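Comments concern the structure below.
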Amino acid sequence: LPPGSCRAFWGWLNAVFNKVDHERIRAVGPDRAASEWLLRCGALVRYQGSPKWQQDYNALPTGPLGRYKIEAINATDSCIMYRGFDYLDGLEHVTDIKLEKCMYIQDECLQRLSETNNLQKSLQQLKIISCGNVTDKGILALCKLTNLEYLYLSDLPGIREKETTFRVLQQALPKLELELDLE
């Protein structure tokens, strides 16, 4: 294999994993379809009323349509990317999202997250850790998440204007608890 071709293959495969299947969303409901997307990409989901994280795609619970509602997403080391974010649109119960070491997460993803109506209503906690492509622009976009109560930012070398960015964020979201672990 020529150098770089393996990485190109994985990039292609990850893009395939992130392709949104709108038929599937209609067939199985938004929470089930999003669960399948997230687990395919290596993320974990937790459902309302359950303490345990789902990580095995083949062990996803079945049951009546709409029975399992995603409450939390842990996307650590996952390959979720912008093109998959349509899966988030129908989720109404997500209170907690963790994006850690997500190589495809960039400002556009955070803007998309912030413009998702259901997440504006439900999301309370967000952690963004070691996502090298996130800059001030992406963090500033979070101003639209009006119910966000807790934001944890760590190891984000792309953030350059820390003071300004965080001041704008705090003014936009006065009840936000902002925890920073940045150089």
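All figures in this text were calculated on a predicted structure; none of them were measured in a lab.
Grouping the Ile, Leu, Val, Met, Phe, Trp and Tyr side chains by contacts below 4.5 angstrom, directly or via other members, places L180 apart from V168. By the criterion of side-chain heavy atoms lying less than 4.5 angstrom apart, applied directly or through intervening Ile, Leu, Val, Met, Phe, Trp or Tyr residues, W37 is grouped together with V20 in one hydrophobic cluster. Side-chain heavy atoms closer than 4.5 Å link hydrophobic residues (I, L, V, M, F, W, Y) into clusters, and following such links, possibly through other members, connects L126 to L182. L39 and I73 fall within a single hydrophobic cluster, where Ile, Leu, Val, Met, Phe, Trp and Tyr are joined by side-chain heavy atoms under 4.5 Å apart, directly or via other members. Note on L113: it clusters hydrophobically with I25, by side-chain heavy-atom contacts below 4.5 Å among ILVMFWY residues.
The side chain to side chain donor-acceptor pair (under 3.5 Å) test applied to R26 returns E23, not counting sequence neighbours. For S154, the side chain to side chain contact (heavy atoms under 4.5 Å, CB included) test picks out I129, Y152, D181, with sequence neighbours left out. Among residues two or more places apart in sequence or in another chain, the salt bridge (charged side-chain N to carboxylate O under 4.0 Å, His left out) test is passed with E36 by R24, R32. Considering only residues two or more places apart in sequence or on other chains, Q111 meets the side chain to side chain donor-acceptor pair (under 3.5 Å) condition with none of them. Shown here are the side chain to side chain donor-acceptor pair (under 3.5 Å) partners of E179, two or more places apart in sequence or in another chain: Y150. When the side chain to side chain donor-acceptor pair (under 3.5 Å) test is applied to T135, the partners found at least two apart in sequence or on another chain are D107. Applying the side chain to side chain contact (heavy atoms under 4.5 Å, CB included) rule to N133 yields the partners Q106; only residues at least two apart in sequence or on another chain are considered.
Nearest approach of I70 to A34, heavy atoms of both residues: CD1-CB, 3.9 Å. Here the shortest heavy-atom pairing between L119 and V94 reads CD2-CB, 3.8 Å.
Distance OG1/T146 to CD/Q120: 6.0 Å, rounded to 0.5 Å. Atoms SG and NZ, from C131 and K101 in turn, are 10.0 Å apart once rounded to the nearest 0.5 Å.
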Begin from the C-alpha positions of S35 and Y47 and carry the test side-chain contact (heavy atoms from CB on, under 4.5 Å) through to its verdict. CA-CA 10 Å; S35 297; Y47 297 114; 2.8 Å; yes
Determine whether L110 and L99 satisfy the following criterion, side-chain contact (heavy atoms from CB on, under 4.5 Å), listing intermediate values before the conclusion. CA-CA 10 Å; L110 297 182; L99 304 171; 3.9 Å; yes
Under the criterion side-chain contact (heavy atoms from CB on, under 4.5 Å), I'd like the reasoning laid out for L176 against Q170: C-alpha separation, chi angles, the key distance, then a yes or no. CA-CA 7 Å; L176 178 69; Q170 293 279 202; 4.3 Å; yes
Chi angles and distances behind the side-chain contact (heavy atoms from CB on, under 4.5 Å) call for I128, I105: CA-CA 10 Å; I128 306 170; I105 293 293; 5.6 Å; no
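Pairs passing the salt bridge (charged side-chain N to carboxylate O under 4.0 Å, His left out) check and including a residue from residues 134-162, sequence neighbours excluded, read E115-K144. Residue pairs meeting the salt bridge (charged side-chain N to carboxylate O under 4.0 Å, His left out) criterion with at least one member in residues 37-51, sequence neighbours excluded: R46-E71.
Between V134 and L153, the closest side-chain pair of non-hydrogen atoms is not below 4.5 Å. Considering only heavy atoms from C-beta on, L169 comes within 4.5 Å of L151 through its side chain. The closest side-chain heavy-atom distance from N14 to C41 is not below 4.5 Å.
No donor-acceptor pair closer than 3.5 Å links the side chain of N147 to the backbone N or O of S122.
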Counting only pairs under 3.5 Å, give me each side-chain donor-acceptor contact of residues 48-59, with atom names and distances, residues two or more places apart or in other chains.
from : atom 1 : to  : atom 2 : distance (Å)
Q48  : NE2    : H93 : ND1    : 3.4
S50  : OG     : K52 : N      : 3.2
D56  : OD1    : N58 : N      : 2.9

Please tabulate, for the side chains in residues 75-91, all donor-acceptor contacts under 3.5 angstrom to protein atoms that are two or more places apart in sequence or on a different chain.
from : atom 1 : to   : atom 2 : distance (Å)
T76  : OG1    : N74  : OD1    : 2.6
S78  : OG     : A75  : O      : 2.8
R83  : NH1    : A15  : O      : 3.2
D86  : OD1    : R112 : NH2    : 2.7
Y87  : OH     : K19  : O      : 3.4
Y87  : OH     : D21  : N      : 3.0
D89  : OD1    : R112 : NH1    : 2.9
D89  : OD1    : R112 : NH2    : 3.0
D89  : OD2    : R112 : NH2    : 2.9

When the side chains of residues 60-69 are checked against the rest of the protein, which donor-acceptor pairs come out under 3.5 Å, sequence neighbours left out?
from : atom 1 : to  : atom 2 : distance (Å)
K69  : NZ     : G66 : O      : 3.3

